[in-house]
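Below: one structure, written as structure tokens.
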Amino acid sequence: MDLGLRGRTALVGGASAGLGRATAECLAAEGCKLALWSRGGEALEAAAEEIRRLHSVVVVTIAGDATDPATAAKVAWQAERSLGPVDIAVLNAGGPIASEATRTDPDEWRRSFQLLAITPIELATALLPGMRKRGWGRIVSIMSSGIRQPIPELAYSNACRSALAAWLKTIATEVIADGVTVNGVVPGRIDTARVEALDKARAEKIGGTPAEVRAQIERSIPAGRYGRPDELAAYVAWLCSDLARYQTGTFVPIDGGMLRFLP
Ligand SMILES: NC(=O)c1ccc[n+]([C@@H]2O[C@H](COP(=O)([O-])OP(=O)(O)OC[C@H]3O[C@@H](n4cnc5c(N)ncnc54)[C@H](OP(=O)(O)O)[C@@H]3O)[C@@H](O)[C@H]2O)c1
């Protein structure tokens with residue numbers, strides 16, 4: 001199936017690893033030019049180099065920390081300066097720390113809100129006017145199942161991402177008439193370094209090994225296993241495609257059946 005993405009320009013966050021990197025690979029395979037960003041360093045450059053080699057597309061990198069209030073404007077500006085107008089923005093970066101929900105910290109709230117809400121909101125806000133003017137755009141945010149069913153040890157994530165989801169849902173109705181769709185994807189448990197670290201933290205908290213924690217969680221997933229990053233990335237690429245032009249304001253789980261309620 002031709003997703004109609006050849007020649008489009010995509011800005012992908014958290015692109016040095018995990019879900020962001022898998023998404024970048026999928027969009028490159030569809031012929032997109034890419035601006036990849038994360039805090040930067042060797043992993044980001046290596047991801048860019050590998051994608052250029054495999055897919056022969058233009059890939060630029062931008063270093064920026066999503067917890068820094070100056071980052072969104074800088075990333076948007078650098079992406080457009082390097083590649084021209086951005087058609088697709090995949091909003092994604094790292095996750096916040098785990099904590100006990102009844103023992104949170106005001107500074108950590110501010111840091112998490114910047115990371116998970118303000119930076120993606122500012123990034124989308126900077127790119128939306130151009131998308132609307134050109135009559136075509138895609139905003140896709142990588143969220144968390146915590147926006148549908150709060151995860152006990154991830155209070156910062158549950159709350160801050162819910163704010164982002166509410167904002168995305170609000171703008172989705174405003175920009176669809178200009179050819180811009182706004183959607184979120186809700187990962188259940190996808191096998192990345194982040195999930196490995198969370199399993200380790202849970203093992204330390206309750207006793208046992210990370211492998212035991214993983215086996216226990218896998219038993220609760222109808223598919224019987226964690227997902228693979230490419231299984232989520234394929235759906236993100238679909239949301240970015242021209243074919244998905246009538247889909248907006250949705251937050252679809254990619255979770256092997258983990259969430260049991262109806263949408
Ligand atoms: N995997 C899952 O099943 C799952 C489930 C629910 C939610 N999520 C969320 O989905 C997002 C991606 O997760 P993942 O599993 O792909 O994690 P990951 O494998 O740890 O990758 C995180 C990516 O974000 C970048 N990053 C981390 N902190 C950053 C910051 N402060 N500013 C900019 N970039 C930053 C990292 O690169 P650098 O180190 O180069 O900055 C890396 O590219 C996270 O927000 C995570 O919480 C994932």
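First listed ligand is number 1; within each ligand, the first listed atom is number 1.
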For ligand 1, is there an N or O atom under 3.5 Å from any N or O atom of Arg161? yes

| Candidate pair Met258 and Ser145, rule side-chain contact (heavy atoms from CB on, under 4.5 Å), full reasoning | CA-CA 9 Å; Met258 188 179 91; Ser145 60; 3.8 Å; yes

Quick look: Asn92 vs ligand 1, heavy-atom contacts under 4.0 Å, and the answer is side chain

In ligand 1, the atoms that come under 4.0 Å of a heavy atom of Gly64 are 32 (N), 33 (C)

protein heavy-atom neighbour closest to atom 7 (C) of ligand 1 works out as Met143 O, 3.3 Å

Note: Pro229, heavy atoms under 4.0 Å from ligand 1, region reported as neither

When distances are taken from atom 48 (C) of ligand 1, the protein heavy atom at minimum range is Leu19 CD1, 3.7 Å

Check: of Gly146, Gly14, Ala63, min heavy-atom distance to atom 25 (C) of ligand 1 comes from Gly14

### Message
Between Val236 and Cys26, does the side-chain contact (heavy atoms from CB on, under 4.5 Å) criterion hold? Intermediate values first, please.
### Response
CA-CA 9 Å; Val236 176; Cys26 234; over 6 Å; no

Taken to the nearest 0.5 Å, the spacing of Leu44 CG from Ile62 CD1 works out to 9.0 Å

heavy-atom search around atom 45 (O) of ligand 1 in the protein gives Ala93 O, 2.9 Å

A student checking ligand 1 against Asp65 at a 4.0 Å heavy-atom cut-off should list atoms 30 (C), 31 (N), 32 (N)

Rounded to the nearest 0.5 angstrom, the OG-CG distance for Ser112 and Asp107 is 10.5 Å

So the atoms of ligand 1 within less than 4.0 Å of a heavy atom of Ala66 turn out to be 30 (C), 31 (N), 32 (N), 33 (C)

CG of Asp65 to CG of Leu115, rounded to nearest 0.5 Å, is 8.0 Å

Rounding to 0.5 Å, atoms CZ (Arg39) and OG1 (Thr67) come to a distance of 8.0 Å

- Message: If you measure every N or O of Pro187 against every N or O of ligand 1, does any of those distances drop under 3.5 Å?
- Response: no

Ranked by distance from atom 2 (C) of ligand 1, the top protein heavy atom is Val195 CG2, 3.4 Å

If you scan protein heavy atoms around atom 5 (C) of ligand 1, the nearest is Gly188 O, 3.6 Å

Arg132 atom CZ, neighbour heavy-atom count above 12 within 6.0 Å:
yes

Under the side-chain contact (heavy atoms from CB on, under 4.5 Å) rule, what do Val12 and Asn92 come out as? Steps first, then yes or no, please.
CA-CA 7 Å; Val12 182; Asn92 178 53; 5.8 Å; no

Tell me, please: is Gly41 in heavy-atom contact with ligand 1, that is, under 4.0 Å? no

Ser16 heavy atoms within 4.0 Å reach ligand 1 at atoms 36 (C), 37 (O), 38 (P), 40 (O), 42 (C), 43 (O)

If you scan protein heavy atoms around atom 40 (O) of ligand 1, the nearest is Ser38 OG, 2.7 Å

* Do any N/O atoms on Ile142 end up under 3.5 angstrom from N/O atoms on ligand 1? -> no

- Query: Is there a side-chain contact (heavy atoms from CB on, under 4.5 Å) between Leu19 and Thr192 once you walk through the steps?
  - Reply: CA-CA 7 Å; Leu19 306 180; Thr192 64; 3.9 Å; yes

Nearest heavy-atom contact between Ser220 and Ile217 is OG-O, 2.6 Å

Examine Leu115 against ligand 1 and note whether any of their N/O atoms are separated by less than 3.5 Å.
-> no

Discussion item. Any heavy atom of Ala197 closer to ligand 1 than 4.0 angstrom?
Written reply: no

Does this structure show an ion pair linking Lys200 with Glu196, if we count only N-O contacts that are shorter than 4.0 Å? no

Taken to the nearest 0.5 Å, the spacing of Ile176 CD1 from Thr181 OG1 works out to 6.0 Å

Val90 versus Ile88: any side-chain heavy-atom pair under 4.5 Å?
yes

Ligand 1 atoms nearer than 4.0 angstrom to some heavy atom of Ser144 are 6 (C), 7 (C)

Polar proximity ligand 1 side, Pro96 side, N/O cut 3.5 Å exclusive = no

Looking at ligand 1, does any of its N/O atoms fall within less than 3.5 Å of an N/O of Ile190?
yes

Salt bridge check, Arg214 against Asp191: does any charged N sit closer than 4.0 Å to a carboxylate O?
yes

Does the side chain of Leu243 come within less than 4.5 Å of Leu3's, by heavy atoms?
yes

among protein heavy atoms, the one nearest atom 17 (O) of ligand 1 is Arg194 CB, 3.2 Å

inquiry  = Could you tell me if Gln247 and Trp238 have a donor-acceptor pair between their side chains, going purely by distance under 3.5 Å?
reply    = yes

- N or O contact, Gly94 vs ligand 1, cut-off under 3.5 Å: yes

### Query
Are side-chain heavy atoms of Leu164 and Leu116 found at a separation under 4.5 Å?
no

Here the atoms of ligand 1 under 4.0 Å from any heavy atom belonging to Gly40 are 40 (O)

Heavy-atom closest pair (Arg138 atom, Val180 atom, distance to 0.1 Å) is N-CG1, 4.4 Å

* Asked: Purely on distance, is any nitrogen or oxygen of Ser145 under 3.5 Å from one on ligand 1?
  -> no

Kindly confirm or rule out an N or O of Ala17 lying under 3.5 angstrom from an N or O of ligand 1. yes

Practice prompt. Using distance alone, determine whether Arg39 and ligand 1 share an N or O pair under 3.5 Å.
Written response: yes

Arg189 heavy atoms within 4.0 Å reach ligand 1 at atoms 3 (O)

Looking only at protein heavy atoms, what sits closest to atom 15 (O) of ligand 1 is Thr192 OG1, 2.5 Å

Near Gly18 (heavy-atom distance under 4.0 Å), the atoms of ligand 1 are 16 (O), 19 (O)

